[in-house]
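Below you'll find the structure, written out as structure tokens, and then a few comments.
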Amino acid sequence: MKRYNLPCIPSSSILSHSKTSIKFILSFFGMVAKNFENKLMTQFWYQCTNCGIAVKNDSPPTATRCLKGATHNWHKLGVVGSTTFTCGKCETTIKTESIPDSDGCLSGGLHSWYKL
């Protein structure tokens with residue numbers, strides 16, 4: 001059996017560096033996991049500019065089976081949240097994190113959002 005002469009490194013030094021490295025790696029992967037979880041859980045309000053139906057989804061819904069046309073034409077209004085907004089023109093009411101996007105009002109032109 002061959003013997004190797006390795007330099008002597010105090011074990012406390014190794015443990016200190018190992019703990020620091022492990023904490024860094026865990027915090028890095030924790031941030032990545034949290035960011036991934038947030039992206040998976042983020043839902044948006046989408047409204048069809050043909051029929052006016054508003055739905056919550058994490059990506060644009062399928063474009064099929066619209067009551068007013070051949071297919072739905074989805075417009076993203078905003079991130080689902082807890083503040084209620086109503087359009088004074090078309091009366092669409094949704095809960096978002098901030099004021100919804102104004103484009104695509106069914107009554108023509110831009111939505112006129114006000115907070116309830």
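- To the nearest 0.5 Å, atom CD1 of residue Ile53 and atom OG1 of residue Thr92 are 11.0 Å apart.
- Residues satisfying the side chain to side chain donor-acceptor pair (under 3.5 Å) test with His111, not counting sequence neighbours, are Gln47.
- To the nearest 0.5 Å, atoms CH2 (Trp74) and SG (Cys66) are separated by 7.5 Å.
- Applying the ring-ring contact (aromatic ring centres under 6.0 Å, His included) test to pairs two or more places apart or on separate chains, none has a residue in residues 43-66.
- Hydrophobic side-chain contacts under 4.5 Å tie Leu116 into a cluster, directly or through other members, with Tyr114.
- Gln43 and Lys56 make their closest contact through OE1-CB, 3.9 Å (heavy atoms, listed as atom of the first residue, atom of the second, distance).
- The distance from atom CG of Leu110 to atom OG of Ser112, rounded to the nearest 0.5 Å, is 9.0 Å.
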Would you give me the side-chain donor-acceptor pairs under 3.5 Å for residues 94-103, sequence neighbours excluded?
{"residue": "Thr96", "atom": "OG1", "partner": "Ser98", "partner atom": "O", "Å": "2.5"}
{"residue": "Asp101", "atom": "OD2", "partner": "His75", "partner atom": "NE2", "Å": "2.6"}
{"residue": "Asp101", "atom": "OD2", "partner": "Asp103", "partner atom": "N", "Å": "3.2"}

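- In terms of hydrophobic clustering, with Ile, Leu, Val, Met, Phe, Trp and Tyr side chains grouped at heavy-atom distances under 4.5 Å, Val80 and Leu77 are assigned to a common cluster.
- Minimum heavy-atom separation, Thr71 to Ala63: CB-O, 2.6 Å.
- A search for side chain to side chain donor-acceptor pair (under 3.5 Å) contacts involving Asn73 returns Thr49, not counting sequence neighbours.
- Each side-chain hydrogen bond (donor to acceptor under 3.5 Å, both in side chains) pair with one or both residues in residues 82-91, not counting sequence neighbours, appears once here: Thr86-Thr93.
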